[in-house]
Amino acid sequence: MHDEIAIESILKEKRKFKPQPEFAKAAHIASTKAYNQMHREAEKNFERFWARMAKEHVSWFTPWKKTLQWKLPFAKWFVGAKTNVSYNCIDRHVEGPNAWRRNKAAIIWEGEPGDRRVITYGELHREVQKFANVLKSLGVKKGDRVGLYMPMVPELAVAMLACTRIGAPHTIIFGGFSADSIRDRLNDAKAKLVVTADGGWRRGSIVPLKEMVDQAVGDVPTVENVVVVRRTEQQIVMKEERDHWWHDLMESASDVCAPAKLDAEHPLFILYTSGTTGKPKGVLHTTGGYLVHTTVTSKYIFDLKEEDTYWCTADIGWITGHSYVVYGILSNGATSLMYEGAPNFPDVERFWQIIDRYKVTIFYTAPTAIRTFMRWGDAHIKKYRLDSLRLLGTVGEPINPEAWMWYRKLIGKNRCPIVDTWWQTETGGILISPVPGAVTTTPGSATRPFPGIFPDIVDENGEPTRKKDAGGYLVLTKPWPGMLRGIYGDPQRYKEQYWSRFKGLYFAGDGARRDKDGNFWVMGRVDDVMNVAGHRLSTMEIESALVSHPKVAEAAVVGRPDEIKGTGVVGFVSLEANETPDEALREALRKHVAREIGPIARPDEVRFTDALPKTRSGKIMRRLLRDIAAGREVVGDTTTLEDYSVLAKLRGDED
Ligand code: WT7
């Protein structure tokens with residue numbers, strides 16, 4: 001599809017916001033000069049730069065012999081070093097010079113029904129060791145994969161950290177995924193154990209997590225045990241021998257479990273994400289580099305300080321939650337706020353209540369959420385002080401300048417800098433973002449690469465675009481510590497997906513341009529992956545879900561602009577002969593997709609059509625479908641279209 005997308009520079013944003021002196025004065029990077037100096041250091045020798053970062057920010061049991069071993073496209077960072085992520089996120093805050101943090105809040109948690117918990121570093125230390133012992137007692141060994149399908153409760157963080165303590169890579173499955181999706185992921189990862197909960201709260205209802213796991217695990221032969229957190233206290237079925245209550249196991253577990261001394265390249269976790277073809281890809285991240293990357297970017301990009309109360313609203317089931325709710329934040333010894341539920345329960349003021357109640361200082365959310373808040377109306381926000389906030393962040397998709405300005409004014413009271421952070425599941429941590437206090441921001445641009453990160457924009461042939469403002473493909477020219485180390489079990493797909501389009505370059509799948517000031521403007525995906533509400537969905541995956549319905553002959557899925565979600569999902573469906581298109585079937589198909597993949601993938605619209613527009617070689621012409629779905633005039637070349645009447649029918653010209 002790449003050739004069908006013309007990348008245009010559509011944004012002509014002129015507003016600029018210089019760092020405020022008061023903010024800069026107290027910031028970790030306190031001036032443009034210091035920031036430029038950091039960039040120069042990294043440009044001179046990026047390996048040495050990351051080695052310095054690693055030494056200063058992460059505790060190691062054994063130092064590395066070589067900072068980077070790069071056999072394109074396979075990287076090893078901090079070769080020969082040994083460390084442990086849970087040690088860095090907990091132990092070093094309860095022993096030695098920082099032992100005073102023992103009674104500092106690590107996690108401030110609020111459940112959707114309004115229940116609250118504060119977990120100190122000392123408590124986290126005990127709980128994680130206990131659960132690490134539980135995992136061991138259930139036969140989980142170093143290297144075994146553990147599936148986590150849980151609500152946003154502190155036990156999820158405990159389970160993650162316990163996995164890292166013993167070197168068992170976790171694979172977290174977002175609580176919105178269906179039983180089929182769980183099954184596929186657990187099978188791909190060959191998970192040995194699953195941790196779940198009796199349920200989770202979402203907008204006042206119970207999400208039946210355990211039921212989903214029951215449906216999935218029957219078809220996952222590798223899973224031996226299921227551990228269940230009691231959360232909603234609803235009735236569930238416990239399968240004898242296989243299922244265990246978390247609280248029963250924890251009661252008798254010892255709270256002493258030494259952190260395993262793990263190789264820097266020991267697998268830390270697998271996280272599944274959508275690709276252009278076939279099944280979701282198991283993105284593999286490893287220990288040392290990921291920890292360095294997330295720790296350092298958390299500190300400098302969020303200007304994270306000892307006194308901060310930091311809140312990232314992402315679910316831990318996505319990479320943002322892994323890197324910037326748990327690992328990067330706790331590794332800095334900071335306080336991370338975690339909220340279980342929906343932003344509009346019991347009403348649309350929940351987030352602002354939380355910010356005022358806990359005096360949140362740093363708030364990190366997604367453009368789709370910001371646009372939703374805008375729609376709910378300013379009056380709800382004006383009731384709250386929000387004066388504890390000092391920094392705002394955004395992630396997940398390009399933010400439209402209007403939403404950026406609204407965020408700055410209504411939430412940030414024109415006082416807080418905004419960091420628009422560009423990165424991906426694959427990159428592990430933030431790559432392009434302003435550093436507050438040092439970088440002038442402009443609405444809609446993620447601005448500059450973090451020091452030690454080397455993005456570029458190239459044309460079709462992989463040649464760097466020299467002209468300012470020229471659009472092209474966003475690539476990375478050098479490896480970085482948090483980069484994925486592969487696709488689990490599929491090195492070939494890893495090479496093809498990321499390293500084959502442009503020789504020697506990592507291709508992110510995004511289009512971008514760079515303006516005359518050197519600021520990057522990320523303009524969205526150029527492949528068949530849609531960004532819906534800040535999450536990637538593959539058109540292919542939704543198509544195969546539609547086609548798996550017995551009445552469907554063929555399906556094509558495209559995105560169309562959506563005011564809130566950024567992209568809405570539209571499915572064009574042609575039915576088997578003798579099937580009648582009607583409202584009931586339309587609804588059934590939407591439900592079918594939700595069941596097959598999860599509610600996030602449910603099409604906003606299903607359109608029935610006799611035939612799909614195809615080229616003579618049989619390729620579906622999505623470009624046309626995109627125009628039709630968006631209600632736009634079909635422009636551009638249609639000469640390759642095989643049957644012109646299809647176009648007329650799709651547009652409804654016949655009615
Ligand atoms: C894709 C990655 C990174 C965690 C959340 C999504 C888009 C992400 C931005 C941003 C413009 C962005 C890109 C990227 N994206 N952040 N600040 N500006 N686009 O993770 O599901 O791996 O999706 O999200 O298209 O490739 P993901």
Side-chain angles (χ1 to χ4, degrees), residues 5 7 10-11 13 172 174 176-177 270-276 280-283 285 290 293-294 297-298 301 312-325 327-328 364-370 392-401 403-404 407 418-434 441-450 453 455 457 473-476 482-484 487 497-498 506-514 519-538 541 559 565-567 598 600-601:
I5 309 271
I7 296 166
I10 31 157
L11 297 167
E13 180 60 50
I172 305 186
F174 171 60
F177 280 119
I270 301 164
L271 181 59
Y272 287 85
T273 189
S274 295
T276 44
K281 307 171 282 195
V283 171
H285 284 288
Y290 173 86
H293 191 153
T294 53
T297 48
S298 295
I301 294 172
C312 166
T313 65
D315 193 287
I316 291 177
W318 309 109
I319 189 70
T320 308
H322 285 61
S323 300
Y324 300 111
V325 175
Y327 293 126
Y364 190 32
T365 194
T368 183
I370 297 168
L392 304 176
T394 157
V395 60
E397 58 181 308
I399 182 163
N400 44 312
W404 196 100
Y407 194 30
I418 297 180
V419 293
D420 175 354
T421 61
W422 178 85
W423 58 297
Q424 313 179 290
T425 304
E426 292 87 341
T427 70
I430 298 167
L431 299 190
I432 303 178
S433 167
T441 56
T442 187
S445 168
T447 73
R448 321 292 298 265
F450 189 77
I453 302 296
I457 294 171
Y473 301 93
L474 185 56
V475 296
L476 290 147
M483 69 189 273
L484 78 164
I487 292 175
Q497 190 86 44
Y498 305 105
Y506 171 89
F507 176 42
D510 284 342
R513 72 181 170 102
R514 188 167 32 198
N519 285 329
F520 282 80
W521 296 77
V522 178
M523 293 181 300
R525 310 285 314 173
V526 298
D527 50 22
D528 282 341
V529 177
M530 298 171 292
N531 191 319
V532 179
H535 298 298
R536 272 192 284 170
L537 295 176
S538 128
E541 234 179 303
K565 297 197 287 180
T567 305
I600 40 161

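Position 1 is the first residue of the sequence, and the numbers go up from there. As the structure lists them, so they are numbered: ligands from 1, and atoms in each ligand from 1.
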Practice task
Have a look at ligand 1 and work out which part of Thr427, if any, has a heavy atom under 4.0 Å from it: side chain, backbone, both or neither.
Solution key: neither

Exercise for the section: For Val522, take its heavy atoms, then give the atoms of ligand 1 lying under 4.0 Å from any of them. Expected result: 11 (C), 19 (N)

Practice task
Provide, to 0.1 Å, the distance between atom 23 (O) of ligand 1 and the closest protein heavy atom, together with that atom's residue and name.
Solution key: Arg536 NE, 3.2 Å

Handout entry: Pair Tyr364-Thr421, side-chain donor/acceptor within less than 3.5 Å
Key = yes

Handout entry: Asn531, portion touching ligand 1 at heavy-atom distance under 4.0 Å
Key = side chain

Problem - Parallel, tilted or perpendicular: ring planes of His535 versus Trp318, cut at 30 and 60 degrees - result: parallel

Problem - Under the salt bridge (Lys or Arg N to Asp or Glu O under 4.0 Å) test, residues paired with Arg448 that sit two or more places apart - result: none

Problem - Atoms in ligand 1 flagged as close to Ile319, the criterion being non-hydrogen separation under 4.0 Å - result: 4 (C)

Problem - His322 side-chain N/O to Gly428 backbone N/O, donor-acceptor pair under 3.5 Å - result: no

Problem - Ring geometry between Tyr290 and Tyr327 (parallel below 30°, tilted from 30 to 60°, perpendicular above 60°) - result: perpendicular

Practice task
Give a yes or no on whether the ring-centroid distance for Trp423 and Tyr324 is below 6.0 angstrom.
Solution key: yes

Handout entry: Protein heavy atom at shortest distance from atom 8 (C) of ligand 1
Key = Gly396 C, 3.3 Å

Fill in the blank from the handout: If we number the atoms of ligand 1 from 1 as shown, the ones under 4.0 Å from a heavy atom of Thr421 are 9 (C), 10 (C), 16 (N), 17 (N)

Exercise for the section: Could you give me the CA-CA distance, side-chain angles and deciding distance for Tyr506 and Thr427, then say whether side-chain hydrogen bond (donor to acceptor under 3.5 Å, both in side chains) is met? Expected result: CA-CA 10 Å; Tyr506 171 89; Thr427 70; over 6 Å; no

Exercise for the section: Select one of side chain, backbone, both or neither to describe which atoms of Thr320 lie under 4.0 Å from any atom of ligand 1, heavy atoms only. Expected result: side chain

Fill in the blank from the handout: among protein heavy atoms, the one nearest atom 10 (C) of ligand 1 is Glu397 O, 3.5 Å

Handout entry: Protein heavy atom at shortest distance from atom 3 (C) of ligand 1
Key = Trp423 O, 3.2 Å

Practice task
Considering only non-hydrogen protein atoms, determine which one is nearest to atom 14 (C) of ligand 1 and report residue, atom name and distance to 0.1 Å.
Solution key: Asp510 OD2, 3.2 Å

Exercise for the section: Mind checking whether Pro398 contacts ligand 1 via backbone (N, CA, C, O), side chain (CB onward), both or neither, at a 4.0 Å heavy-atom cut-off? Expected result: both

Handout entry: Option passing side-chain contact (heavy atoms from CB on, under 4.5 Å) with Thr365 (candidates Thr320, Leu392, Ile370)
Key = Ile370

Practice task
Report the part of Gln424 in contact with ligand 1, treating N, CA, C, O as backbone and CB onward as side chain, heavy atoms under 4.0 Å; options are side chain, backbone, both, neither.
Solution key: both

Problem - Sub-3.5 Å N/O-N/O distance, Thr425 and ligand 1 - result: yes

Practice task
Test Ser274 against every option in Lys281, Glu541, Met530 by the side-chain contact (heavy atoms from CB on, under 4.5 Å) rule and name the one that passes.
Solution key: Glu541

Exercise for the section: Using modelled atom types only, decide if a donor and an acceptor are shared between the side chain of Asn531 and the backbone of Gly396 within a distance under 3.5 Å. Expected result: yes

Exercise for the section: Could you tell me which atoms of ligand 1, counted from 1 in the order shown, lie closer than 4.0 angstrom to a heavy atom of Gly534? Expected result: 6 (C)

